[in-house]
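As the structure is a prediction and not an experimental result, all values here were calculated from the model. Ligands are counted one by one from 1 in listed order, and the atoms in each one are counted from 1 as well. Counting from 1, the numbers follow the sequence of the chain as shown.
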Amino acid sequence: MTHPTQTVADSPVPRTEPVGLTPVALFGRLIGANARYEKFLSDLSGVYQDEAAHRAALTEDSGEPVYWVESSAIDQGSGALTIGVSTIKAGQIGDEYAMTRGHIHKQHSAAELYFGLSGRGVMLMETMDGESRAIEITPGVAVHVPGHWIHRSVNVGPGPFTTLFCYPTDAGQDYGIIRDAGGMKKLVVTDGNGGWALRDNPAHRSYAPDANPQRQARQ
Ligand SMILES: O=P(O)(O)OC[C@H]1O[C@](O)(CO)[C@@H](O)[C@@H]1O
Ligand SMILES: [Fe+2]
């Protein structure tokens, strides 16, 4: 009989050391993370519909990141998770609230969890066949984004919006889906009263590849 401790120590099965993670919402940090990326206003050309407002904002840009992500990915392959904290600074470009680029997972069936840590935001989700949903996220609220939904986080509050997220590492991200469609179908805009509203994006073309020459050309 093999001693259980030996079984683990001598196991031919790859074994990764567990990691403790501590979100620090106030600073948009994830202590214990092993990756960080930052996005700047200059990275977001074409993301906001009001291009003149984006250019004007760039002339006054502080050069600081507008959103950033700290994450932990310690395994690859099927079943491995990426767990992270993402923070979007408050702001508006034209009447659209500050937001991430948004994507669909390359593996369309991959789902994702978001959990509000601080601030006030909206998870905007759309399907390839034209359904839209928006769920508000405040501290303590989780959103379960199923597979097959294009998703983007939007900060609709006066301060930074920070979430904890988790998705399968091998899900990947396809950013072209939104770009090639002229943006998401809905815009998250100010309601003129300190709140938010959804408005149709006049530049949006269908996500369907046959309505979308750029996408056809890339496939
Ligand atoms: O990857 P994007 O669309 O730029 O936005 C960043 C957000 O999406 C995620 O990549 C997770 O899907 C998080 O890192 C973060 O909430
Ligand atoms: Fe995602």
Side-chain angles (χ1 to χ4, degrees), residues 21 23-25 27-49 54 64-74 80-91 93 96-128 132-139 141-157 160-181 183-188 201 207:
L21 299 169
V24 186
F27 301 113
R29 302 294 314 273
L30 181 63
I31 308 302
N34 61 5
R36 174 183 169 102
Y37 73 82
E38 299 172 339
K39 286 287 156 198
F40 298 85
L41 199 55
S42 54
D43 296 325
L44 303 182
S45 298
V47 168
Y48 293 97
Q49 288 310 306
H54 180 252
E64 308 239 311
V66 288
Y67 73 90
W68 63 91
V69 173
E70 297 200 353
S71 59
S72 167
I74 53 176
L81 296 177
T82 295
I83 298 171
V85 163
S86 94
T87 302
I88 310 171
K89 280 193 191 157
I93 301 291
E96 280 185 274
Y97 280 110
M99 59 191 176
T100 61
R101 296 166 290 177
H103 55 261
I104 191 167
H105 293 145
K106 275 187 188 153
Q107 285 192 23
H108 284 198
S109 61
E112 184 159 354
L113 164 75
Y114 285 86
F115 180 73
L117 296 177
S118 65
R120 182 177 171 215
V122 168
M123 183 59 59
L124 178 64
M125 296 161 280
E126 296 185 346
T127 59
M128 306 278 269
S132 298
R133 302 283 185 276
I135 298 182
E136 188 161 313
I137 304 181
T138 47
V141 172
V143 175
H144 190 156
V145 181
H148 302 278
W149 286 84
I150 297 156
H151 49 284
R152 143 180 296 163
S153 325
V154 187
N155 184 347
V156 299
F161 171 53
T162 300
T163 53
L164 179 76
F165 65 84
C166 179
Y167 65 88
T169 300
D170 60 6
Q173 285 91 7
D174 173 358
Y175 294 101
I177 187 128
I178 296 177
R179 209 171 39 229
D180 294 348
M184 289 183 77
K185 189 176 175 188
K186 297 286 182 184
L187 308 177
V188 181
N201 172 10
Y207 290 118

Surrounding CZ of R29 (heavy atoms of other residues, nucleotides or ligands, distance under 6.0 Å), is the total greater than 12? no
[X] (side chain) donor-acceptor with [Y] (main chain) under 3.5 angstrom:
X    : Y    : answer
E96  : L187 : no
T169 : T82  : yes
N155 : Y97  : no
E126 : M184 : no

Taking only residues two or more places apart in sequence, or in another chain, which ones meet S72 in a side chain to side chain donor-acceptor pair (under 3.5 Å)? none
Residue and atom names of protein N/O/S atoms that fall under 2.8 Å from the Fe ion (ligand 2): H103 NE2, H105 NE2, E112 OE1, H151 NE2
List, one per line, each side-chain donor-acceptor pair under 3.5 Å for residues 98-106, sequence neighbours excluded.
from, atom 1, to, atom 2, distance (Å)
T100, OG1, S153, N, 3.1
R101, NE, Y67, OH, 3.1
R101, NH2, Y175, OH, 3.1
H103, NE2, H151, NE2, 3.0
H105, ND1, A110, O, 2.9
H105, NE2, E112, OE1, 2.9
H105, NE2, H151, NE2, 3.4

Going from CZ on F27 to OG on S118, what distance comes out if it is rounded to the nearest 0.5 angstrom?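 Output value for this atom pair is 11.5 Å.
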Rounded to the nearest 0.5 Å, how far apart are CD1 of I135 and OH of Y114?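 The CD1 atom of I135 sits 12.5 Å away from the OH atom of Y114.
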Proximal protein residues to ligand 1, non-hydrogen atoms under 4.0 angstrom: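 Y37, Y67, V69, S86, T100, R101, G102, H103, E112, Y114, F165, Y167, Y175.
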